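Nothing here was measured: the structure is a model prediction, and the numbers come from that model. Quick note: numbers below take in every heavy atom, side chains included, and nothing from hydrogens, waters or symmetry partners. Each chain gets a letter, A, B and so on, in the order its sequence line appears, and its residues count up from 1.
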Amino acid sequence: MTNVIFHTGVIFDIKEFALHDGPGVRTTVFFKGCPLRCVWCHNPEGLSPKLQLMTKESSCKKCGSCAVSCSHEECQPFGRCIYACPDALISVCGREMTCDELFDRLMKDAGFLRESEGGITFSGGEPLMQPEFLAKMLDRLREADIHTAIETCGYARPEIFREIAGKTDLVIMDLKLADEELHRKYTGVSNRWILENAAWLKESGKAHIFRTPLIPGITDTEENLAAIKAIIGDSEHELLPYNELAGAKYPMLGETYRYDQMKGSVL
Amino acid sequence: MNKELYAFITGKHHHIWRKDYCGPDAAAWKKAGLTPRERMADRFVKLCEQEDPCLLPGQKLAFIRTVKNLPDVLTEEEWTDIRAKHHIHELGYLSNLSPDYATVMGTGLLKAKETADPCTAKEIDALIGLAARYREAALKAGDTAMADVLAHVPAYGARTFREALQMLRILHWSVWAEGEYHNTLGRFDLYMKPYFERDIQAGTLTREEAYELICDFFLDCNIDSDLYPGIQQGDNGQSMMLGGIDKDGNSVYSDLSVLCLRASGEIRLIDPKINLRVSKDTPLEVFKEGSRLTAAGLGFPQYSNDDIVIPGLEKLGYAHEDAVNYAVAACWEFIIPRTGADIANIGALSFPKVIDKAFKKITFCETMEDFWAEVEAVIKAELDEMTAAIGDVWFIPAPFMDLLADSEDISRGGRYNNFGFHGTGVACAADALAAVEKYLFTEKLRTAEEYLAAVENDYREDTELLSLLRNRAPKMGQNTGAPEKWAKKLLHTFASLLEGRKNCRGGCYRAGTGTAMYYLWHSDELGASPDGRRKGEPLGTNYSASLFSKLDGPVSIVDSFTSPDLTETVNGGPLTLEFQQKMFDAPDGVDKVAHLVRYFIRKGGHQLQLNAVSRDTLLDAQEHPEKYPHLIVRVWGWSAYFVELDKCYQDQVLRRQEYVL
Ligand code: SF4
Ligand code: SF4
């Protein structure tokens, strides 16, 4: 990794007036890239750390005009020209931002965020996948006296997890599946780091909330919820209901929603 | 709320009492040699005589319309004649005024009659006659309380809250019955407050009774509203202003205002349309109460900012005591009760059209300054043309309305006779200017010839530019600074080029940011624009972002749209924010919206409208209108039943939904 990378991050969205991502009104920054591959994930554009093409499939006439070779540098990775669509249906998902750029952008909302006792939340994807960039952002916002929160799946080296937790005001952490095998099966990775980080977080004295998405037939089973309860003890725990529209963005990225395909077998 | 009355009104059971007007028409009046004023009086008298006193179940305030139509007072030939000599605004009858109900409410009609002219006096007699027949009907129905009220009002001044409401109902009914339209309700919590407080203090009225009476009055506003003229059903201008300050600078907002906000939220009908005056010092609790009403999904309240509107009106020449008394006309145009005879919607400057015209000369512009000079020149030319087109305005006299104004003949003008111009599509124009500056003059990505050709071709040959403009270019609402700079200049130029112009009634011109129906009309006549808007694509409503721009959310939108000096555009025209209904279900959702509204006010916004809607609901309503007879959406300055709108308006509302925050 070169030094430059530490100072730029890849994000895929900034949403103001988020009401569910911590106290008060928040501006939420979505980091691009996630080490997990949850089958139910509703943020497909947050998975790959690379820039991706997004097409408004519903309006696309499949005219083929975009399948031309062009000389735009930004189009080269895609094999399609992002400027060729007569209806401007193609866009690039994700943008690289320097620390300064993102900080300046976020500080524009500072007056309102302070007034409403809100702050800034880093979500994703997985913010801990860009730890240097995240650490820098958190430091700068702390200097500026802005409340920060992170939303994480908890899958990170424990040293990194602890360092970042120390820099933010609130950690909102997912606990999806307590059983390691099931975790592997449905998210693609072991939950060992996650459990270790959760155990640490619980005792750390850092403000935190655990969250479990209720995925029918996968995480909402009695055994799983009981096991999670046993892990987190008295910590605050939110259960997030599954959204029927979760798969809506997959076609835009030319991907399929695996949860829909699996539903038949798991349910 | 009186559920029985609600069911009766929304079930339209009173429609069976409706009948056609029968009596003299324009031809007969012409033959009899009556002046327009005399005809208005005669028509009012005939209407009162034909009216059948009808009482709805449980109704506490009497008066409904049973005669459903009125004949025009002038014949076709007379109109043709008059139109040749005069500028006739809309239907030719007075509209969009804020009548002074308070004075007559206090004195009674008999007292007012002493100084009234013969035509007005005739109308007063007819009205008192009709009230007497209503009294008999009440007695017959065994409702002695109502009969007692009607024994006193409207002939004599109101003494109690209930009498005052009954008087208001009758006066408001009368201006509609006379033939004026978009008759607003003005500053209800200001003029009703003395009655309310006196009765509460005397112990003759409980808060609950007051609330029930307010609910009744609000329900009553929906009885006849379908008979009242407007562009679309719902566009009847029965707006009500709450809050603000009185002439001594004291806050008007009181417990009475709270009851009104709650009544509106409980009733959930389209009238009256609630507006709320606030300022940077308004307590957060007021914004919370307002947001609770927003959550009801009616598109109310619409907020206006005293810190901006009052100085803005003063700049235009309104006396301080009048400026602090402002209310709102049918949609959002600020108007002064009693003294204002402004025509707040006499025309509209289309900013996208200005850009369209100026851009045709882009190939002659060597710098951005050159292009801006073209834009300025077009604005000036448009305004020259618009103001020149309004010669000698004439209205049909309104003897009853005269009673509620401080003018002998309000149809010829009052203390303020200013004309308002809407300013449509500011965002589209500002985005276009920012795009031209960036891509043509700074980055030189296109030559002027290429850019012009692209726009004229609707970008069909230059998809690269189209993509750039739609997906990457800075837009109003993103708060990047670039389009905002141009929005400031556009609005300032609009206002300052109107400054010093006198209209045919000696008044001035007021610049605004409203759109009204112009947002559909104007987009139809336009080709593509240099901001990437394609031919036929609609403009945003009022003072709002372009429909295709990608926005981060309401904080940036507020920052962006409050950056111009809005004291210069107090003809009004709100920024509209749409929220999904479910956002209000979040814990503290209402409080958080309240913070946002206060932020908008503190940043110097002039007017704000918030909608709570769900797109799924709207789509389903389009498919199954029968399931949603009462689904209300805000269309421009007014709310309407979604299923009663023409499809093009429904689609417009739906298109806006794609951009909900
Ligand atoms: S150019 Fe546009 S419409 Fe044509 S195939 Fe590509 S994305 Fe679809
Ligand atoms: S952790 Fe979150 S972002 Fe990552 S794959 Fe799972 S659901 Fe998606």
Next item on the list: Could you tell me whether the side chain of A:Pro86 reaches within less than 4.5 Å of the side chain of B:Thr463, counting heavy atoms only?
Entry: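 They are in contact (side-chain heavy atoms under 4.5 Å apart), so the answer is yes.
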Check: Among A:Ser91, A:Gly111, A:Ala84, which has the most heavy-atom pairs under 4.5 Å with chain B?
Finding: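 Top count of heavy-atom pairs under 4.5 Å with chain B: A:Ala84.
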Notebook entry, point to check: Contact part of B:Val558 toward chain A, heavy-atom cut-off under 4.5 Å: side chain, backbone, both or neither?
Noted result: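 It is neither, since no heavy atom gets under 4.5 Å.
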Notebook entry, point to check: Just how far is it from atom CG of B:Asn479 to atom NZ of A:Lys108, taken to the nearest 0.5 Å?
Noted result: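 So the CG of B:Asn479 and the NZ of A:Lys108 are separated by 4.5 Å.
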Margin query: For the backbone of A:Ala88 and the side chain of B:Ser467, can you confirm whether one donor and one acceptor N or O come within less than 3.5 Å of each other?
Written below: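 Looks like no, no N/O pair under 3.5 Å.
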Next item on the list: Drop me the distance from B:Leu466's CG to A:Tyr83's OH, to the nearest 0.5 angstrom.
Entry: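 The distance works out to 12.0 Å.
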Next item on the list: Please look at B:Leu469 and chain A and tell me whether the side chain, the backbone, both or neither of the residue comes under 4.5 angstrom of a heavy atom of that chain.
Entry: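 The answer is neither part of B:Leu469.
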Checklist line | Residue A:Gln76 excluded, over 12 heavy atoms near CD under 6.0 Å | finding: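 Above 12, so yes.
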Next item on the list: Could you point out which residue of A:Thr27, A:Ile14, A:Asp109 forms a side chain to side chain contact (heavy atoms under 4.5 Å, CB included) with B:Ser556?
Entry: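 Exactly one candidate clears the test, A:Asp109.
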Check: Under a 4.5 Å cut-off applied to non-hydrogen side-chain atoms, are B:Arg534 and A:Asp87 in contact?
Finding: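 SC-SC contact between B:Arg534 and A:Asp87 confirmed.
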Checklist line | Reported CZ-to-CZ distance for the pair A:Phe112 and B:Arg602, which is rounded to 0.5 angstrom | finding: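 That separation rounds to 11.5 Å.
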Notebook entry, point to check: Which pair of non-hydrogen atoms, one from B:Arg472 and one from A:Val92, has the smallest distance, and what is that distance?
Noted result: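 What the structure gives for the nearest pair is NH2-CG2, 4.4 Å.
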Notebook entry, point to check: Are more than 12 heavy atoms from other residues, nucleotides or ligands located less than 6.0 Å from atom CD of A:Glu73?
Noted result: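 No, CD of A:Glu73 has 12 or fewer neighbouring heavy atoms, counting only those of other groups under 6.0 Å.
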Check: Do side-chain atoms of B:Asn471 reach the backbone of A:Ile90 as a donor and acceptor pair under 3.5 angstrom?
Finding: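 Yes, B:Asn471 side chain to A:Ile90 backbone: donor-acceptor pair under 3.5 Å.
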Margin query: Please identify, among B:Glu461, B:Arg598, B:Arg460, the residue contributing the most non-hydrogen atom pairs under 4.5 Å to chain A.
Written below: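 Heavy-atom pairs under 4.5 Å are most numerous for B:Arg598.
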Check: Non-hydrogen atoms of chain B under 4.5 Å away: do they reach the side chain of A:Leu89, the backbone, both or neither?
Finding: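 Neither part, no heavy atoms under 4.5 Å.
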Next item on the list: Please report the closest heavy-atom contact between B:Leu551 and A:Lys15, naming both atoms and the distance.
Entry: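 Scanning both residues, the minimum pair turns out to be O-NZ, 4.4 Å.
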Next item on the list: Give a yes or no on this: more than 12 heavy atoms of other residues, nucleotides or ligands lie within 6.0 Å of atom NZ of B:Lys550.
Entry: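 Above 12, so yes.
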